[in-house]
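Notes follow the structure.
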There are 2 protein chains.
Amino acid sequence: MDSKTKNRPLTPPPDGGRPTLKTIAFMTGLGITTVSRALKDAPDIGAETKERVRLVAKQIGYQPNRAGVRLRTGKTNVISLVLTLEEEIMGITSPMVVGITEVLAGTPYHLVVTPYSATKDALAPIRYILDTGAADGVIISRTEPHDPRVALLTERGLPFVTHGRTEMGVVHPYHDFDNERFAYEAVRELVERGRKRLVLLEPPPHLTFYSHMRAGFERALRDFQADAVSFHHINIDHTLVEIRDAFETLMRSDDPPDGIVSGSGSGAIALIAGLEAAKKTLGKDADMVSKVPSDFLRWLRPEVVTMYEDIRVAGRELAKAVIGHIDGQPSETLQSLSQPEFQSAVPVSIKR
Amino acid sequence: MDSKTKNRPLTPPPDGGRPTLKTIAFMTGLGITTVSRALKDAPDIGAETKERVRLVAKQIGYQPNRAGVRLRTGKTNVISLVLTLEEEIMGITSPMVVGITEVLAGTPYHLVVTPYSATKDALAPIRYILDTGAADGVIISRTEPHDPRVALLTERGLPFVTHGRTEMGVVHPYHDFDNERFAYEAVRELVERGRKRLVLLEPPPHLTFYSHMRAGFERALRDFQADAVSFHHINIDHTLVEIRDAFETLMRSDDPPDGIVSGSGSGAIALIAGLEAAKKTLGKDADMVSKVPSDFLRWLRPEVVTMYEDIRVAGRELAKAVIGHIDGQPSETLQSLSQPEFQSAVPVSIKR
DNA sequence: CAGCGCTACTGTATCGTTACAGATTTATCG
DNA sequence: CGATAAATCTGTAACGATACAGTAGCGCTG
């Protein structure tokens with residue numbers, strides 16, 4: 001009876017602690033292995049046995065020990081969100097985290113935030129995750145056309161999804177905002193308002209969506225016959241003060257722009273400040289269309305036309321895509337593009 | 001030699017995988033136990049041995065397997081940030097996460113975000129963490145005077161820190177913003193500007209900082225001889241539209257306030273909208289002081305006096321406090337209060 | 001009725017780590 | 001010189017789970 005029933009615990013687990021497979025095995029009189037297999041609905045376990053095991057497991061609130069599973073199988077049940085510590089003024093991170101966790105809530109996955117200092121190597125956190133097997137899947141943003149993180153993750157076969165596309169001939173899951181379309185529609189809007197000399201506050205050139213936004217901008221300039229005013233020395237990664245100062249200078253120049261496309265909501269704030277520092281008035285001397293991640297600009301400066309990028313939805317899409325990738329779904333089916341939404345005016349109260 | 005050297009691996013670990021204690025044991029010719037103890041600087045290991053082990057460990061980039069440690073010791077090396085899914089418009093979460101991860105970066109701790117739906121039970125995530133042993137420490141916010149989460153965590157002995165204080169006679173680590181002081185100084189500022197009829201956009205009454213803010217507000221009203229205008233039916237948890245509409249009504253009333261203290265930055269936006277909907281002008285018909293978590297209000301509405309609450313610093317303090325609690329430091333030494341900072345005007349460029 | 005195949009279940013070994021209880025060697029003492 | 005202590009190192013078992021290789025019992029076939 002010694003060695004024969006070693007796997008069949010006749011001693012009640014000392015208890016006080018949380019239930020394990022052993023607890024269920026003891027309660028049902030089954031072997032630990034049987035319980036394990038019953039809970040994963042293995043084909044070699046009897047229907048009635050499965051039912052009994054499931055019932056007991058539910059009753060005592062059994063939850064598999066993550067460390068046990070992870071040690072044995074390597075499955076971490078962790079999704080890692082890799083972020084740069086340098087955050088944007090308007091905090092794109094919050095809604096993103098919310099969106100991701102909304103999706104993960106219905107799964108066994110936990111969300112771990114893995115930061116890196118932008119001054120250092122963006123590959124460092126990726127390497128860490130690969131080397132330590134810290135996650136089953138990774139979410140990365142600030143994607144570049146030839147992104148070494150994508151190359152490394154692909155090579156090592158770790159599921160991931162990017163917020164933004166790449167141009168490496170690698171098919172991988174992504175979610176992106178249609179920045180081409182955004183810029184195109186923004187120009188259309190400005191031209192419709194009679195603006196002809198347009199300026200773009202663009203993303204930093206090394207990020208993929210830089211070329212998307214520029215492409216949309218330039219295509220629209222051609223289609224709607226407007227002119228570009230150069231502002232390439234400044235981009236949305238510059239500080240607000242830098243943007244404002246540069247834009248003030250531009251607005252004081254001989255032939256200032258009369259239409260502004262802002263690739264970021266916080267950038268828009270600085271542009272407005274620069275414009276006003278140059279003694280110009282928004283809506284009169286120039287109009288502005290901005291991409292925004294929240295609706296406060298619409299509240300404070302309704303004269304700005306805003307196009308909403310729903311980061312929360314992006315978070316949801318990204319989470320679904322990584323999980324899909326982990327589950328082996330083909331990458332082609334895990335790609336999505338979200339369209340800019342023109343924001344309507346601030347809702348007017350009904351009671352008035 | 002069989003059983004005698006079972007712990008001393010003479011076979012090189014199949015390799016290709018990451019190094020483990022076994023790898024180091026093989027390379028040094030020591031036992032696994034010795035390596036383990038050498039790496040934690042145990043007193044019964046020779047100095048030279050420790051040196052050798054450390055060297056080899058460093059060379060091959062050994063990192064302890066988290067699952068192994070967790071399974072054996074129960075130590076998760078995880079800090080759990082418990083958040084409500086309902087996020088504030090101005091995203092307090094981003095800088096908070098950044099602050100926390102800044103501190104955790106220098107430690108073995110990972111940050112796991114554990115959300116809950118505010119419509120459901122705020123205790124649910126706490127119970128989950130306690131039941132599954134998911135974390136070594138917890139960070140919670142939106143603290144209430146008698147907070148059941150604090151009671152439960154204290155009772156079960158799981159280290160935690162709160163963002164906000166409690167009033168339960170339980171000494172526990174916290175970090176808080178001095179909302180009493182904020183409201184007091186806000187009133188002082190408004191009275192100095194000649195305002196006498198003041199209104200407060202307050203926190204929801206069930207949160208601890210509600211009474212702090214009110215206390216500061218009322219003490220200042222007495223000290224500086226100003227009057228309060230009632231606005232208790234609305235608080236910062238209401239939607240922007242609700243706040244705006246209610247405030248518009250108030251501003252259209254017979255005897256509207258001429259000074260506004262806003263307990264939240266997003267609330268301030270709605271208040272401004274309400275004021276302007278009532279055809280009043282900020283800075284003329286009324287002045288406003290608002291607590292803000294970022295500086296965009298200062299950029300867009302410089303006429304609002306803003307007091308900055310540095311959430312990133314709060315994140316850092318919270319992280320340090322949980323870790324301190326985990327390390328057994330007395331709770332009294334893990335409490336901190338940050339003071340409101342009057343924000344100066346938007347920095348003016350030097351080059352002008 | 002031996003032998004085969006099928007169903008339903010089980011024991012053992014293992015993932016990487018550490019607590020614990022030795023074991024070995026050398027130094028020290030009466 | 002035998003005993004005792006101190007210093008240093010080591011094997012075993014265990015944490016909870018699962019892969020794998022069985023085993024027991026049963027019905028069916030030739």
Side-chain angles (χ1 to χ4, degrees), chain A residues 1-11 13-14 17-26 28-53 57 62-77 108 132-134, chain B residues 1-11 13-14 16-26 28-53 57 62-77 108 132-133:
Chain A
M1 178 181 132
D2 289 1
S3 85
K4 190 169 181 185
T5 54
K6 193 177 167 200
N7 195 33
R8 182 121 38 106
L10 294 180
T11 322
R18 55 188 286 215
T20 68
L21 290 180
K22 200 157 156 187
T23 316
I24 303 178
F26 173 73
T28 55
L30 295 164
I32 294 176
T33 306
T34 311
V35 174
S36 172
R37 298 188 55 67
L39 287 174
K40 24 181 65 59
D41 202 23
D44 63 348
I45 305 293
E48 196 210 300
T49 304
K50 283 182 189 170
E51 211 41 68
R52 268 177 57 222
V53 169
Y62 168 75
Q63 294 199 255
N65 180 304
R66 308 189 120 234
V69 174
R70 179 163 171 176
L71 182 57
R72 182 66 239 247
T73 66
K75 173 104 185 169
T76 61
N77 286 306
T132 64
Chain B
M1 177 183 133
D2 289 0
S3 84
K4 191 170 180 184
T5 53
K6 192 175 167 204
N7 196 33
R8 183 120 40 107
L10 294 180
T11 322
R18 55 189 285 214
T20 69
L21 289 179
K22 201 157 156 188
T23 315
I24 303 179
F26 173 72
T28 55
L30 295 164
I32 294 176
T33 306
T34 311
V35 174
S36 172
R37 298 187 56 67
L39 286 175
K40 29 179 63 58
D41 203 22
D44 65 347
I45 304 294
E48 195 211 303
T49 303
K50 283 182 190 170
E51 210 40 66
R52 266 176 59 220
V53 170
Y62 168 75
Q63 295 198 254
N65 181 304
R66 309 190 119 229
V69 174
R70 180 163 172 177
L71 181 58
R72 181 65 238 246
T73 65
K75 173 105 185 169
T76 62
N77 285 306
T132 63

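Each chain gets a letter, A, B and so on, in the order its sequence line appears, and its residues count up from 1.
A distance of 6.0 Å separates CG of Leu71(A) from CG of Asn65(B), quoted to the nearest 0.5 Å. The structure places CD1 of Ile45(B) at 11.5 Å from CZ of Arg52(B), a figure rounded to the nearest 0.5 Å.
Of the listed nucleotides (dA8(C), dG16(D), dT10(D)), dT10(D) has the atom at the smallest distance from the side chain of Leu30(B). Comparing dC15(C), dT18(C), dA17(D) against the side chain of Tyr62(A) picks out dA17(D) as the nearest.
Contact check, Lys40(A) against dT18(D): a side-chain N or O comes under 4.0 Å of OP1 or OP2. Contact between the side-chain N/O atoms of Thr34(B) and the OP1/OP2 oxygens of dT10(D) is found at a separation under 4.0 Å. Between Thr33(B) and dG11(D), a side-chain N or O to OP1/OP2 separation shorter than 4.0 Å is absent. Regarding contacts with the backbone of dT18(C), a side-chain N or O of Ser36(B) is found under 4.0 angstrom from either OP1 or OP2.
Side-chain to base pairing of Arg72(A) with dT18(D): one donor and one acceptor N or O lie within less than 3.5 Å of each other.
Nucleotide dT7(C) holds its C1' atom 13 Å from the CZ atom of Arg37(A), rounded to whole Å. In this entry the distance linking CD of Gln63(B) with C1' of dT17(C) reads 15 Å, nearest Å. Atom CG in Asp41(A) sits roughly 13 Å away from atom P in dC9(C) (whole-Å rounding). dA17(D) atom C1' lies 8 Å from atom CG of Leu71(B), rounded to whole Å. Taking atom CZ of Arg18(B) as the reference point, atom P of dC15(C) lies 14 Å away to the nearest angstrom. Atom CG in Leu21(A) sits roughly 13 Å away from atom P in dC15(D) (whole-Å rounding). Residue Ile32(A) contributes atom CD1, which lies 17 Å from atom P of dT14(C) at whole-angstrom precision. One interatomic measurement links the two molecules: CG of Asn77(B) to P of dT18(C), which rounds to 11 Å at whole-angstrom precision.
Listed by chain and number, the residues in a side chain to side chain donor-acceptor pair (under 3.5 Å) with Arg37(A) are Asp44(A) (sequence neighbours excluded). Under the side chain to side chain contact (heavy atoms under 4.5 Å, CB included) criterion, Ile24(B) pairs with Thr28(B), Val35(B), Leu39(B), Val53(B), Val56(B), Ala57(B), Ile60(B), Tyr62(B), sequence neighbours left out. Listed by chain and residue number, Tyr128(A), Ala134(A), Arg18(B), Gln63(B) satisfy the side chain to side chain contact (heavy atoms under 4.5 Å, CB included) test with Thr132(A) (two or more places apart in sequence, or in another chain).
Looking at every heavy atom in both residues, Lys50(B) comes nearest to Asp41(B) through NZ-OD1, 2.9 Å. Residues Thr76(B) and Arg66(B) come closest through the heavy atom pair O-NH1, 3.6 Å. Of all the heavy atoms in Ser36(A) and Leu21(A), the pair that sits closest is CB-CD1, 3.7 Å.
In this structure, Pro64(B) reaches the sugar-phosphate backbone alone: every heavy-atom distance under 4.0 Å involves primed, P, OP1 or OP2 atoms, never a base.
Of the residues in residues 45-53 of chain A, those lying under 4.0 Å from DNA chain C by heavy-atom distance are Ile45(A), Gly46(A), Thr49(A).
Between Ala67(A) and Asp44(A), the residue anchored closer to the 5' end of DNA chain D is Ala67(A), taking for each the nucleotide with the nearest heavy atom. Each of Val69(B) and Val35(A) lies near DNA chain C, and the nucleotide nearest Val35(A) is the one positioned closer to the 5' end.
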